[in-house]
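One structure is given below, encoded as structure tokens.
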Amino acid sequence: MLRQSTFKQMPRSLGSAAKAAARTPASRRTFLSPPRSQPNEHLNRLDVNKLSEQQLKYARNRRAFLWTGLFFSVSSMIYAGYLLKLELQKPVQADSSLPSTDPLAGTNAAERKVVMRDEEGRELVSTGNSTVPTFPRTLELGSFEGTIAPGPSASGLAPTITGPDQTEYTLVGFGLRTVTFLGIQVYVVGYYVATADVASLQSALTKKVNPIATTLVADERNQLRTDLLDPAKGEELWDGLLANGIPARSVFRVVPVRDTDFHHLRDGFVRAIQARAGKVGDEQFGEAMKDFRQIFNRGKVPAKHELLLIRDGEGKLSVVYDDGGNKKEGRPAGRQLVGTVDDERVSRALWMNYLAGKKVASEPARKSIVEGIMEFVERPVGTIAAQVV
């Protein structure tokens, strides 16, 4: 038989065990508690291929985002530069106390040629080009005579005899010739007219607009400017003037801004002449073109060396070149005659390549020449000889 004291102690021990169980939390999942995971369960879930694909996708998206940002950044810079260029090209209207009849008060006053003087007092005009920075305001040329060298195998250019009578030529306009869409600079070209012949050119252009006028007012000058810049009207106008020997004597001065050669210059000139005189196909003109090609059958033309294309009163073309001389070969420095072409159609077509048409050799030169013409016709006929360009 058990003692009664034993039964009395049992509830006490059971009560202490229940209390201990109550203090120990039960390891069971509740409604809000996450499922318990084993220590290495996260490692077991890793998928290397999936992670690699995610990394590649992230890198691809990041690269696309960067390229997109670069494209829009460059595009915005180009567009901003284009808008800035348009703003800079807009004419600036400024107040002026000069009378409206003063040449410096005109709308094209800012485009007039700025005349400087060198150490010897000669007047120069800035071209804006770093290689060929200036052009002379006037040229003093005599008559070029002598035997023409047969070709590049000759020891040098032919000796030239310059007559005592010098003819002064006045700069009308100039510009830079560029080629290809990249705007590669080739040479600076300037158009000169014999100062004594400016009056005939001035009178002929004035009469084209107003037959009874000796000078043109602003509206008439604008009409003449529009006609000269128009491809069809300008070509018709200049072709008629040159065919009639107006101006009688003129010069195109060509100065390369980079090293070139006579063959490259010849190819450009020949293409221009053929384009302008495409309908002319007689034997005499063909012989004249052969003579023209033969003139340029020579060597190199270094940068800054002067080439003159001279047209006289009869339309005869003379090509004069200054190669700087060579003491070893016995060639003196100075302008030397290279060759001549008698057919005036050759020189007229070459002149038209710069003066008028749908496509000219140098658009800046054509515009500058037109502005120079405007300076002529705004003054009375016969007063240009004393004009300051």
Side-chain angles (χ1 to χ4, degrees), residues 124-125 127-136 139 141 144 146-160 162 169 171 173-180 182-192 250-275 288-311 316-341 346-347 349-351 353-354 360-362 364-365:
L124 303 174
V125 177
T127 64
N129 183 269
S130 58
T131 306
V132 185
T134 58
F135 255 38
L139 292 177
L141 301 178
F144 292 91
T147 304
I148 307 302
S153 60
S155 60
L157 296 174
T160 300
T162 304
Y169 291 81
L171 179 63
F174 59 88
L176 179 67
R177 170 165 169 74
T178 58
V179 294
T180 75
L182 298 176
I184 299 175
Q185 299 180 357
V186 181
Y187 57 75
V188 180
V189 59
Y191 181 53
Y192 292 79
S250 56
V251 176
F252 274 104
R253 183 175 187 260
V254 177
V255 182
V257 299
R258 60 176 64 240
D259 294 342
T260 182
D261 54 51
F262 277 95
H263 291 171
H264 282 96
L265 295 175
R266 177 198 62 192
D267 294 342
F269 293 152
V270 169
R271 285 195 298 267
I273 294 174
Q274 291 176 343
M289 288 302 300
K290 289 182 180 179
D291 295 339
F292 182 81
R293 290 188 178 93
Q294 183 64 30
I295 292 175
F296 291 87
N297 190 21
R298 298 180 182 273
K300 296 186 178 297
V301 181
K304 303 181 183 180
H305 282 227
E306 175 190 74
L307 178 70
L308 298 181
L309 306 174
I310 305 174
R311 190 175 196 265
K316 175 183 176 181
L317 174 66
S318 298
V319 181
V320 176
Y321 177 60
D322 182 4
D323 67 345
N326 191 316
K327 294 183 179 180
K328 294 182 179 180
E329 298 179 0
R331 288 188 285 106
R335 299 180 177 120
Q336 308 290 326
L337 181 64
V338 176
T340 60
V341 179
V346 174
S347 62
L350 189 57
W351 260 232
N353 182 47
Y354 293 99
V360 293
S362 172

Kindly write out the residues that satisfy side chain to side chain donor-acceptor pair (under 3.5 Å) with Asp267, not counting sequence neighbours, or none if the list is empty.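 Expected list: none.
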Residues two or more places apart in sequence or in another chain: which of them pass side chain to side chain donor-acceptor pair (under 3.5 Å) with Ser318?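 Partners of Ser318 by the side chain to side chain donor-acceptor pair (under 3.5 Å) criterion come out as none, since no residue qualifies.
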So [Y] and [X], do their side chains get closer than 4.5 Å, heavy atoms only?
{"X": "Val341", "Y": "Lys316", "result": "no"}
{"X": "Ile310", "Y": "Val320", "result": "yes"}
{"X": "Leu308", "Y": "Val319", "result": "no"}
{"X": "Val346", "Y": "Met289", "result": "yes"}
{"X": "Val255", "Y": "Leu307", "result": "no"}
{"X": "Leu265", "Y": "Val301", "result": "yes"}

Suppose we screen for side chain to side chain contact (heavy atoms under 4.5 Å, CB included). Which residues come up paired with [X], at least two apart in sequence or across chains?
{"X": "Val179", "value": "Arg177, Ile184, Val186"}
{"X": "Pro302", "value": "Asp259, His305, Tyr321"}
{"X": "Asn129", "value": "Thr127, Thr131, Val132, Leu176, Gln185, Val188, Val257"}
{"X": "Val360", "value": "Arg276, Glu363, Arg366"}

Non-hydrogen atoms of [X] and [Y] that approach each other most closely:
{"X": "Leu317", "Y": "Ser347", "result": "CB-CB, 4.0 Å"}
{"X": "Leu171", "Y": "Gly173", "result": "CD1-O, 3.5 Å"}
{"X": "Gly175", "Y": "Ser362", "result": "C-OG, 3.8 Å"}
{"X": "Glu306", "Y": "Arg335", "result": "OE1-NE, 2.6 Å"}

Would you call the rings of Phe174 and Phe135 parallel, tilted or perpendicular, where under 30° means parallel and over 60° means perpendicular?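 Taking Phe135 first and then Phe174, their aromatic rings sit tilted (interplane angle of 30° to 60°).
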Partners passing ring-ring contact (aromatic ring centres under 6.0 Å, His included) against Tyr187 (at least two apart in sequence or in another chain):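 By the ring-ring contact (aromatic ring centres under 6.0 Å, His included) rule, Tyr187 matches no residue at all.
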For Phe292, what residues pass the ring-ring contact (aromatic ring centres under 6.0 Å, His included) criterion, not counting sequence neighbours?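 Expected list: Phe296.
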Kindly determine whether Asp322 and Gln336 satisfy side-chain contact (heavy atoms from CB on, under 4.5 Å), including the steps that lead there. CA-CA 6 Å; Asp322 182 4; Gln336 308 290 326; over 6 Å; no
Looking at residues at least two apart in the chain, or sitting in another chain, which of them share a salt bridge (Lys or Arg N to Asp or Glu O under 4.0 Å) with Arg266?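 Partners of Arg266 under the salt bridge (Lys or Arg N to Asp or Glu O under 4.0 Å) test: none.
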Calculate, to the nearest 0.5 Å, the distance between atoms NE2 and NZ belonging to His264 and Lys300 respectively.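 Going from the NE2 atom of His264 to the NZ atom of Lys300 covers 9.0 Å.
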Ser250-Arg311 side chain donor-acceptor pair, cut-off 3.5 Å: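 The answer is no; no qualifying pair exists.
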Step-by-step side-chain contact (heavy atoms from CB on, under 4.5 Å) determination, Tyr354 to Phe252: CA-CA 9 Å; Tyr354 293 99; Phe252 274 104; 3.5 Å; yes
Could you go through Leu141 and Tyr192, starting from their C-alpha distance and side-chain angles, then the distance that decides it, and tell me whether this counts as side-chain contact (heavy atoms from CB on, under 4.5 Å)? CA-CA 11 Å; Leu141 301 178; Tyr192 292 79; over 6 Å; no
As a quick check of understanding, evaluate side-chain contact (heavy atoms from CB on, under 4.5 Å) for Val270 and Arg293, giving each step before the final call. CA-CA 8 Å; Val270 169; Arg293 290 188 178 93; 3.6 Å; yes
